[in-house]
Each structure stands twice: as C-alpha cells, then as structure tokens.
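For the single chain, residues carry numbers from 1 onward in sequence order. Hydrogens, waters and symmetry mates play no part in the numbers below; they use all other heavy atoms, side chains included.
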Amino acid sequence: MPITNQQVAGHAFLREMYEDSYFPDHVVDQGRAILLRLCERIEAEQPSDLQALYALTRAATEEFNLLEAEFEAAGSEIETVAREWIGDEFWFVALAYGFPDADGEALIAGRDW
C-alpha cells in the first residue's frame, strides 16, 4: 500500500543513521521498512485517539527490539544517539498523522534499546 501522506512520502527516514558509517545500511534499511509499515498501518487503520496510535507504535517498537540483534550481528548497536534518532522518527510520524499531543516516550515505551 503506497503512503498517501505527502509529508511522510517525502521524508528521508533514519537519514542520520545512513550518514553514519557505524550503522550498516542493510540493517538501517530494515528500520526504515519498519517505520514505513507503521505509516501504512496508520493510514489503513486510522487510529482515532492516542491509545490506538500507541498500540500501533508499540508493535513497531517491538520490531525494532528484534532488529537490535541484526545491528549486533553487523558489529553495531542501537546506542544512545540512534535511540534519539529513532525516537525522533516516531515523533515525526505522530505529528504527520495529526497527533501533536502524543508523548514521545509513550510512542516507544516498549523499547529495550
């Protein structure tokens, strides 16, 4: 399903991670795919409130939790700066889909990275 939100469609997800050679592109690609799937789910399910949005971001956060092993296998990890960058992307998604009152920590509350 193609993304219809123009702000999201034109966004370079995880740009900073792609620009930092510490993070292997093939793993960052998987993170970008998680975020795009999140956007597709938001567009398909159209959450009506923050709790519904958090349910979707919780699922995407769990996917990032699993991705940590891929980073480690490639000699990298989701460390402090990457945590901030990923969190910023979740916040961007919330704003782009009309949830300015979303709590940044609640968006990624299930993280173990």
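The aromatic rings of Phe13 and Phe92 lie perpendicular to each other, with more than 60° between the two planes, well past the 30° mark.
Glu77 contributes atom CD, which lies 4.0 Å from atom OH of Tyr22 (distance to the nearest 0.5 angstrom). To the nearest 0.5 Å, atom CZ of residue Arg58 and atom CD of residue Glu62 are 7.5 Å apart. Annotation: the span from Leu38 atom CG to Glu89 atom CD amounts to 11.0 Å, rounded to 0.5 Å. In this structure, Phe64 CZ and Ile86 CD1 are separated by 4.5 Å, a value rounded to the nearest 0.5 Å. One distance of note links CD of Glu40 with CG of Leu35; it measures 11.5 Å at 0.5 Å rounding.
Side-chain polar atoms of Glu43 and Tyr97 form a donor-acceptor pair below 3.5 angstrom. Inspection of the Asp103 and Tyr54 side chains reveals no N or O donor paired with an N or O acceptor under 3.5 Å. Between the side chains of Arg83 and Thr80, at least one donor N or O lies within less than 3.5 Å of an accepting N or O.
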Would you mind writing out the side-chain donor-acceptor pairs for residues 104-113 within the sub-3.5 Å range, not counting sequence neighbours?
{"residue": "Arg111", "atom": "NH1", "partner": "Trp113", "partner atom": "O", "Å": "2.6"}
{"residue": "Trp113", "atom": "NE1", "partner": "Asn65", "partner atom": "OD1", "Å": "2.8"}

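Ala74 meets the side chain to side chain contact (heavy atoms under 4.5 Å, CB included) test with Pro24, His26, Val27; sequence neighbours excluded.
Ion pairing between Arg15 and Glu19 holds under the 4.0 Å rule for side-chain N and carboxylate O.
Cluster annotation: Leu66 and Leu36 are assigned to distinct hydrophobic clusters (Ile/Leu/Val/Met/Phe/Trp/Tyr, side-chain heavy-atom contacts under 4.5 Å, transitive).
Pairing each heavy atom of Pro100 with each of Trp91, the nearest pair is O-CH2, 3.4 Å. Nearest approach of Gly31 to Leu14, heavy atoms of both residues: C-CD1, 3.6 Å. Heavy atoms only, all atoms of each residue included: Asp101 and Leu50 are closest at O-CD1, 3.8 Å.
Between Ile34 and Arg37, the closest side-chain pair of non-hydrogen atoms falls below 4.5 Å. Contact annotation: the side chain of Thr61 approaches that of Phe90 to within less than 4.5 Å [non-hydrogen atoms, C-beta and beyond]. A 4.5 Å side-chain heavy-atom check between Asn5 and Cys39 finds every atom pair outside the cut-off. Gln30 places none of its side-chain heavy atoms less than 4.5 Å from the side chain of Phe71. In this structure the side chain of Asp49 never reaches within 4.5 angstrom of the side chain of Phe99, judged on heavy atoms.
The side chain to side chain contact (heavy atoms under 4.5 Å, CB included) test with Val28 is passed by exactly one of Glu70, Met17, Glu16: Met17.
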